[in-house]
Number of protein chains: 2
Amino acid sequence: MRILIAEDDDIIADGVSRSLGQAGYSVDWAAHGEAAEEALLAHSYDLLVLDLGLPRLSGLEVLKRLRARHSTIPVLILTALDGTHDRVRGLDLGADDYMVKPFELAELEARVRALTRRATGNSPAIVCGSLSFDPVGRVTQIDGVPLDLSAREIGLLEILLARMGRLVSKDQLVDHLCGWGEEVSHNAIEVYVHRLRKKLESGGIKIATVRGLGYCLERPQGE
Amino acid sequence: MRILIAEDDDIIADGVSRSLGQAGYSVDWAAHGEAAEEALLAHSYDLLVLDLGLPRLSGLEVLKRLRARHSTIPVLILTALDGTHDRVRGLDLGADDYMVKPFELAELEARVRALTRRATGNSPAIVCGSLSFDPVGRVTQIDGVPLDLSAREIGLLEILLARMGRLVSKDQLVDHLCGWGEEVSHNAIEVYVHRLRKKLESGGIKIATVRGLGYCLERPQGE
DNA sequence: CTTCCGCTATGAGAATGCGCATAAAACCCC
DNA sequence: GGGGTTTTATGCGCATTCTCATAGCGGAAG
């Protein structure tokens, strides 16, 4: 799950990205409207958190262009206390939710969860054999028993589930786990896979290795 | 967008088909499992709304056969409140979403939208007799059973499938398998072909040798 | 028909480097 | 600073790849 934050106040941006990063999302940050526009064109995000008071290119303008391109990415707008007018206009332009500054990080997280859920097609849970993954709460269960996973493990599992039964290269994994700027070695991926495998093996879930190409979460036998 | 509804309760079926028809889909209705099976074989649908409690042929069976034919149509299953077990089994068999009766038509519509949207992103598998190959996931199945191939074998199969029924020279194979700097001997190609043949023979897939010219993946009968 | 030569099949062995495991270091949040 | 998590470091095992040697096959020429 990849999220773009368009926010000029770097203290807020920092807090938000930490908080969401902690929750297992990979977060990119754009400090002004043009950077946001560029990032949106260059990558595919699952959610945009958009401050309306952006320099260079206003948040409303970014949103307008985004929707003009028929993008359906969920957008959560951030607005100052007195920006009622803009807020309304934002919702008119196709924003999905809004928050008024200052806000609680916990509440932001909750709303982000709600919005990303919608993006995953409303599916209540992704099931793979005895494993079920709830994209809303980002909670994993094996045979109904909650499984304790770290942020990185959740991120890894998420993309493997999204591409269940297909091969996923290490580069693809790196892409999904990290925003740009931060990169992680292939070795790190191997370590995550190792740990995730250990936690999943009790449920009979297997991650197959294809040497030189990548990993593949085995789809449970449809029989 | 064409949708098939397999549902024996004609009141529900009527409501659903009106609602979806209203929304611009063209809707067919099958009142029992065999009719659904027949319709699925006769036409190509973009979505199947499947009641699990069908007479004549159960919904689970319909779904199972559908997936056995390597169909990737999105399937939304309808289930009674107490059908937890069947629901889980349905998702295991490759259903994409489910709804519990009774449900709101508006919600059904929303989920149908989500599923049909997702479908357009799906890549069609390349099928050759009992073999199917997903070019995106680079995963091979024979009669629905995943086949364990190495990187080189996958690469070889990939290009043979792309030129199915046509002759592929060894030089072409070398080109496709190796990057710029690296080269590989013709003898190596022979070895890959040998190993790939061994793994494919159980599925009745044949790679013909054309002496002095190259190899050719035989197109299955009936096309 | 027989012989010969070159192409292909096949098995076995060797080399490479990928991925695994484990440990240890950096990091981060409370 | 202490628990957790993330990341880097490192050596080993082994699957995969590739070469080699040999046997099989097919076509062409004599």
Side-chain angles (χ1 to χ4, degrees), chain A residues 14-27 105-106 109 138 140 147-160 167-179 181-201 206-217, chain B residues 138 140 147-158 160 167-179 181-201 206-217:
Chain A
D14 192 59
V16 170
S17 46
R18 265 163 207 263
S19 153
L20 294 178
Q22 198 75 28
Y25 299 96
S26 73
V27 183
L105 283 177
E109 241 178 85
R138 302 171 70 81
T140 310
L147 193 60
D148 192 45
L149 296 181
S150 75
R152 278 274 122 107
E153 288 158 0
I154 291 174
L156 179 61
L157 179 61
E158 193 171 51
I159 175 173
L160 285 174
L167 200 52
V168 188
S169 74
K170 286 186 186 170
D171 286 328
Q172 282 176 305
L173 295 173
V174 170
D175 252 26
H176 256 79
L177 290 173
C178 309
E182 35 178 358
E183 282 279 302
V184 102
S185 68
H186 278 195
N187 188 353
I189 300 289
E190 288 160 17
V191 175
Y192 307 151
V193 171
H194 175 233
R195 288 204 304 257
L196 190 58
R197 268 187 181 141
K198 264 198 167 155
K199 295 192 179 177
L200 295 185
E201 70 187 0
K206 289 211 174 60
I207 301 173
T209 306
V210 180
R211 200 161 248 260
L213 293 183
Y215 297 96
C216 169
L217 180 67
Chain B
R138 310 191 81 190
T140 310
L147 191 61
D148 203 51
L149 297 181
S150 76
R152 281 268 121 104
E153 288 156 2
I154 292 174
L156 179 60
L157 178 61
E158 204 168 42
L160 285 175
L167 189 62
V168 188
S169 75
K170 288 188 186 168
D171 285 327
Q172 282 177 301
L173 295 174
V174 171
D175 266 13
H176 184 261
L177 290 174
C178 304
E182 34 187 358
E183 283 280 304
V184 100
S185 72
H186 276 196
N187 190 346
I189 299 288
E190 288 158 15
V191 175
Y192 308 151
V193 171
H194 174 231
R195 287 206 304 260
L196 188 58
R197 270 183 179 146
K198 262 194 170 160
K199 293 193 180 177
L200 294 185
E201 68 188 1
K206 288 212 172 59
I207 301 173
T209 305
V210 182
R211 210 179 164 74
L213 296 179
Y215 297 94
C216 168
L217 180 67

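Within every chain, numbering begins at 1; the chains are lettered A, B, ... in the order of the sequence lines, protein sequences first and strands thereafter. Quick note: numbers below take in every heavy atom, side chains included, and nothing from hydrogens, waters or symmetry partners.
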Is any side-chain N or O of [X] closer than 4.0 Å to OP1 or OP2 of [N]?
X: A:His194; N: C:dA21; result: yes
X: A:Ser150; N: D:dT6; result: yes
X: A:Lys198; N: C:dC20; result: no
X: B:Arg197; N: C:dA9; result: yes
X: A:Tyr192; N: C:dC20; result: no
X: B:Thr209; N: C:dC7; result: no
X: A:Lys170; N: C:dG19; result: yes

Any A:Val193 side-chain heavy atom under 4.5 Å of A:Tyr215 side chain
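Yes - at least one pair of side-chain heavy atoms lies under 4.5 Å apart.
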Nearest listed nucleotide, side chain of [X], among [options]:
X: B:Arg195; options: C:dG11, D:dT17, D:dT6; answer: D:dT17
X: B:Ser185; options: D:dT19, D:dT8, D:dT5; answer: D:dT19
X: A:Arg211; options: C:dC29, D:dG13, D:dT10; answer: D:dG13
X: A:Val184; options: C:dG11, C:dA21, D:dT7; answer: D:dT7

Per the side-chain contact (heavy atoms from CB on, under 4.5 Å) rule, which among B:Glu158, B:Lys198, B:Lys199 passes with B:Glu153?
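With B:Glu153 as partner, B:Glu158, B:Lys198, B:Lys199 yield a single side-chain contact (heavy atoms from CB on, under 4.5 Å), made by B:Lys199.
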Tell me: [atom1] of [X] to [atom2] of [N], nearest whole Å?
X: B:Glu190; N: C:dG6; atom1: CD; atom2: P; answer: 15 Å
X: B:Ile154; N: D:dT16; atom1: CD1; atom2: C1'; answer: 12 Å
X: A:Leu20; N: C:dC28; atom1: CG; atom2: P; answer: 17 Å
X: A:Leu173; N: C:dG19; atom1: CG; atom2: P; answer: 12 Å
X: A:Gln22; N: D:dT6; atom1: CD; atom2: C1'; answer: 11 Å
X: B:Arg152; N: D:dT19; atom1: CZ; atom2: P; answer: 10 Å
X: A:His186; N: C:dG17; atom1: NE2; atom2: P; answer: 17 Å
X: A:Leu213; N: C:dG17; atom1: CG; atom2: C1'; answer: 14 Å

Applying a 4.0 Å non-hydrogen cut-off, can you work out what A:Val191 is touching in the nucleic acid: base, sugar-phosphate, or nothing?
base
Residue A:Arg197 excluded, over 12 heavy atoms near CZ under 6.0 Å:
yes
When you check the gap from the basic side-chain N to the acidic O, do A:Glu190 and A:Lys170 get nearer than 4.0 Å?
yes
Output, in order, the C-alpha distance, side-chain angles, deciding distance and verdict of side-chain contact (heavy atoms from CB on, under 4.5 Å) for A:Leu149 and A:Leu196.
CA-CA 8 Å; A:Leu149 296 181; A:Leu196 190 58; 4.1 Å; yes
